[in-house]
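First the structure, in the form of structure tokens, and then the observations on it.
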Amino acid sequence: MGAAEEAAATFRQEAADLLERLEQALLDMEDAPANRGLIDTAFRALHTIKGSGAMFGFEEVAAFTHHVETAFDRLRKGEVEPNRALVGLALKAKDHMRSLIERPDEANPEAGEAILEDLAQAIEGQSAAPVAPHPSGDTPTNRQTTWRIRFRLPKDAMATGTNPLLLLDELRGLGDCSVVALTEGIPLLEDMEADACYLAWNVVLTTEQPRSAIDDVFLFVLDDMELTVEEVHPSSRRIGEILVERGDVSSQVIDEVLAEQKPLGELLVGAGHLSEQKVKAALVEQAHLRQASENQTADKSADSIRVSAERLDSLMDRVGELVIAQARLKQLTAISADLHLRSIAEEMERLANELRDTTMGIRMVPIGSLFGRFRRLVRDLATDLGKGVRLTTEGEETELDKTVIERLADPLVHLIRNSIDHGIEQADERAAAGKAAEGEVHLAARHTGAQVWISIRDDGKGLDRARIRARAEEQELIEPGAKLSDAELLQLIFHPGFSTAKKVTSLSGRGVGMDVFKRTIEGLRGVIDVQSQQGLGTEVILKLPLTLAIIDGLLVRVGTGRYVIPLAAVEECVELSVADDVRSIGRSFLNIRGDLVPFLRLRELFLTATPPDPYQKVVIVSTGDRRVGLVVDQVIGDHQTVIKSLSKLHADVASFSGATILGDGSVALILDIPHLIAFGQGSEMRLQAS
Amino acid sequence: VTKTILSVDDSASMRQMVRLVLAGAGYQVVEAADGAEGLTKAQSSPVHLVVTDLNMPKMDGMQLIRSLRSLPSYKGVPILLLTTESDEAKRKEAKTAGATGWITKPFRQEQLLAVVKKVLG
């Protein structure tokens, strides 16, 4: 039993006792109407049932009991005298409460209404008040208001458990906030009480929340504290005006001092009209207001400028070159003793990184535009197939590189078609399976680290694992009876030659196959995850890198050549001990905390002639849940990699997805991880077969 | 660090309610059925927050608050009242005795959590 059910059971038990007590009191009341004690007992039982009902989630019980309690309150106050009819009604009400608590599904709301109505009539000939709606919380007003909040906590606030920092955090949570602490009240050290609160604060807050949200922050200290909250208008921005408006100084004084031509704040302090702290607080407010009004202006003009994609691409190229040049500079200065040069190089690195991020940001567009296109597709497909299908989306605001989004359109169309054609059942079939008549296709996008996950989920019949296996064996993609993990089995649907569906409909089974889909996603350096539960539906998750142009890589050395492994694919690096090395010859398996992981010797793969380093390292890489170890001579370190595509001549070379230029100007090839993993896992299968 | 909350209430179902909400939010909850037991438990191992009922046998909430505040180690530790007493006078008295804040029963689960977060951060 979960904690919630357990709590509900406790409530039922407690309520049963209380209802019993209520019934006894009511029955006794019939015989002794003058006994005040009985009315009190009944009232308290009702009150407790109402209270704990609301807490334990028995809303209807609480609402109903509330009305009965109201009626009994009149009895308790002596405004109404108990009589046989009233007790009869109260007993009926009690029975209704019991059924609401014990068999909420069978309770009849109309009967409850009728009881309440009769009860109200018996009390004063009026109909029952409608069930009070739950008090709705404050909703944001959507209008930005700037508040000036000045407060001083009671001196014993900290001793009684109030943490001023938390109050400030809560204020910061409401909106853009500038805080100044006023330290003038702090006494000399010898006079200070350690747990007394001497500080006061000035806060300028720009928020969409209503004024009451500010009072709520101070709820527990409101009675004893000094608090003023005033609205300020961003238009009054001059420090003198702010000081006058705050009542810190009169306008006359301002005029007098303004006659001399020094900074106003300085003058005011110098002339002893107010303390330096107050000027500082006002200056902070001024800065805040300026910022707030600038933000508003920025919001208005933040719309857009149209720039051709070509220009963006060339900007990206230049930034890429800059990042490379910067890496060379970094390498040179790292060995230089010239501190000036090094500090400039560090500054350059920071700027180059920021420039890179900004440029990548320019290329980002929300995925919502792509999702929007599928609305019509789903509708038309569903109509063609005579199925009811609803498309829901989530995370439309998730941003992704424009190129990635464009290349995603076709694969997604393919997946959605598959979902609707093969996944979602006809209405009668769904009804038989106890599902809603209308099927659902859910598209969702979200960021996780440097990746974007796009999920296409349907609540259809799910993938039939037995059929996938049967077809794969039939088409000789796997050995009959081969042992496959669930993930491997599901991945078979992406195998070239697998996709030919038994029945070719007008929608699926032609055009792009699943293998083409897989190649597109892998071309985007993405990974496909399939999850499916028979009878419940299928979810395909595409895990894509944020951008195609620059990646964080792990630089490794094999022989004399250097290679880059995309960092996102790297799980860990381990040492290949001599013992493991010798033992594994011809077997190529590594024991990683109990898991057997196949590994590839890149030295053999790349036909390296130079002698191996004495201590070989293994970099464990993964896509989805498949892992492979890559044996290298040396792990050099992380490397910001600007991806250059390979020339046409080399485009077909397997194992490499691109190249990059290193700090010293030499070229490093980028390893194609999905390919290597497939190769590594393949060699595992070959081994198992032999 | 998991924060520990002491829940003092004579009603078992109320304690269970508090535990359900707060343990579900990742706090560690220690329970006591009256003020005297609460005081003993608070003294035996320090807690980060005390949530207490007012009307209890043996030692009531008001006295528990006073006793806790007289201990040097409980100066500054937030104490929340969990009470059906909606009248101002009791609340003021508790505040003077050293309570940090309050929540009026009945409350919704998320209301309790919000108040706890408000004083614990």
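Throughout, protein chains are lettered first and strands after them, A, B, ... in sequence-line order, and every chain is numbered starting at 1. Nothing here was measured: the structure is a model prediction, and the numbers come from that model.
For the atom pair CG (A:Asp169) and NZ (B:Lys117), the distance works out to 14.0 Å, reported to the nearest 0.5 Å. Atom CD of B:Gln16 and atom CD of A:Glu14 lie 10.0 Å apart (nearest 0.5 Å).
Here A:Gly161 is the residue among A:Gly161, A:Ala157, A:Ala62 with the most heavy-atom pairs under 4.5 Å with chain B. Comparing B:Ser11, B:Ala12, B:Gly24, B:Pro78 by how many heavy-atom pairs each has under 4.5 Å with chain A, the most go to B:Pro78.
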*asked:* Go through it in stages, so that I can follow the logic: the residues are A:Phe220 and B:Lys118, the test is side chain to side chain contact (heavy atoms under 4.5 Å, CB included), and I'd like the CA-CA distance, side-chain angles, deciding distance and then a yes or no.
replied: CA-CA 10 Å; A:Phe220 294 147; B:Lys118 184 179 173 70; 4.1 Å; yes
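For B:Val77, the part lying near chain A is the backbone, with the side chain staying farther off; criterion is any non-hydrogen pair under 4.5 Å. Of the atoms belonging to A:Asp224, it is side-chain heavy atoms, and not backbone ones, that fall under 4.5 Å from chain B. Contacts of B:Leu120 with chain A are made by backbone atoms alone, with heavy-atom separations under 4.5 Å and no side-chain atom involved. Proximity to chain B is limited to the side chain of A:Asp195, based on heavy atoms less than 4.5 angstrom apart. Contact of B:Ala23 with chain A is not made at all, since no heavy-atom distance falls under 4.5 Å. Residue contact with chain B, scored on non-hydrogen atoms closer than 4.5 Å, involves the side chain of A:Asp223 exclusively.
Residue A:Arg150 places its CZ atom among more than 12 non-hydrogen atoms of other residues, nucleotides or ligands, all under 6.0 Å distant. By the neighbour-count criterion of 12 heavy atoms within 6.0 Å, atom CD of A:Glu170 is densely surrounded, having more than that number from other residues, nucleotides or ligands.
With hydrogens and angles disregarded, a donor-acceptor distance shorter than 3.5 Å links the side chain of B:Thr100 to the backbone of A:Thr160.
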